[in-house]
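On a predicted model such as this, the values are computed, not experimentally measured, just so you know.
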Amino acid sequence: KSLTRTFLTSNTVLPLNTVDLLLLQETGKIWIPQILLRPDFELAAFSVDDNNTFASIATYYCHRRWRLLESEVLVAGRLSLHLLENKTQATKLLTFNVYGPAGADQESKRLLDTILNTILEKIRLVKQ
């Protein structure tokens, strides 16, 4: 048996099978995402870069199957970490929502290096 949900992308509504996690970028383009994602989804993190309003991320998780243990915005509008635990199987899920810089200039490369190094550091901490 498959549960079907819908999700809005551009001007099209797409059917989805049951989803545990949604990692969204450029969330400013979604009008009131809470309406689309309720009742199964809870907001884990939301962030907008103060210097670039197009750089925004949001992460939603299914609270019926997962328990949010930790959520942290690591780079505003670009990177967030989420540690979840399955409510029935005692398994953990570590996810990162990454919205990398689009440019190839030095500043964009520096930002991408910062994002990747931050991810590696957090993975090492979680493994300990």
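With hydrogens and angles left out, the side-chain atoms of Tyr61 and Glu42 include no donor and acceptor closer than 3.5 Å.
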* So Glu107 and Arg110, salt bridge (charged side-chain N to carboxylate O under 4.0 Å, His left out) or not? Walk me through it. -> CA-CA 5 Å; Glu107 180 61 24; Arg110 185 196 61 73; 2.5 Å; yes
* Criterion side chain to side chain contact (heavy atoms under 4.5 Å, CB included) on Trp66 and Asn86, from CA distance to verdict -> CA-CA 5 Å; Trp66 295 92; Asn86 189 295; 3.7 Å; yes
* To do: Carefully, step by step, assess Asn52 and Asp49 under the rule side chain to side chain contact (heavy atoms under 4.5 Å, CB included).
  => CA-CA 5 Å; Asn52 179 359; Asp49 184 348; 4.1 Å; yes
* To do: Evaluate the criterion side chain to side chain donor-acceptor pair (under 3.5 Å) for residue pair Asn117 and Thr114; output intermediate values, then yes/no.
  => CA-CA 5 Å; Asn117 287 329; Thr114 300; over 6 Å; no
* Take Ile123 and Leu94, measure what side chain to side chain contact (heavy atoms under 4.5 Å, CB included) needs, and give me the verdict at the end. => CA-CA 8 Å; Ile123 289 172; Leu94 175 66; 4.2 Å; yes
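Taking both residues in full, the closest heavy atoms of Ala58 and Phe46 are given as CB-CD1, 3.8 Å, listed atom of the first, atom of the second, then distance. Closest heavy-atom contact between Arg78 and Gly100: NH1-O, 3.1 Å. Nearest heavy-atom pair, Ala45 versus Val73, reported as atom, atom and distance to 0.1 Å: CB-CG2, 4.4 Å. Residues Lys92 and Leu83 come closest through the heavy atom pair CB-CD1, 4.4 Å. Nearest approach of Leu21 to Thr95, heavy atoms of both residues: CD2-CG2, 3.2 Å. The two residues Ile57 and Gly77 come nearest to each other via the heavy atoms CG2-O, 3.8 Å.
Residues Leu116 and Val75 are members of separate hydrophobic clusters, defined by side-chain heavy-atom contacts under 4.5 angstrom among Ile, Leu, Val, Met, Phe, Trp and Tyr. At a threshold of 4.5 Å between side-chain heavy atoms, the hydrophobic network of Ile, Leu, Val, Met, Phe, Trp and Tyr places Leu23 and Leu93 in one connected group.
More than 12 heavy atoms of other residues, nucleotides or ligands sit less than 6.0 Å from atom CG of Asp113.
Without hydrogens or angle criteria, Lys122 side chain to Leu74 main chain gives no donor-acceptor distance under 3.5 Å. Under a 3.5 Å cut-off, the side chain of Ser71 and the backbone N or O of Ala44 do form a donor-acceptor pair. The backbone N or O of Val48 lies less than 3.5 Å from no partner atom in the side chain of Ser56, so there is not a single donor-acceptor pair. Between the side chain of Asn97 and the backbone N or O of Leu81, no donor-acceptor pair lies under 3.5 Å.
For the salt bridge (Lys or Arg N to Asp or Glu O under 4.0 Å) test, residues two or more places apart in sequence or in another chain that qualify with Glu85 are Arg67.
If you take OH on Tyr99 and CD1 on Ile115, they are separated by 11.0 Å, rounding to the nearest 0.5 Å. The structure places CG of Leu84 at 11.5 Å from CZ of Arg65, a figure rounded to the nearest 0.5 Å. With values rounded to the nearest 0.5 angstrom, Cys62 atom SG is found 12.5 Å from Leu68 atom CG.
Contact of the Leu79 side chain with the Ile119 side chain is registered, since non-hydrogen atoms from C-beta on lie closer than 4.5 Å.
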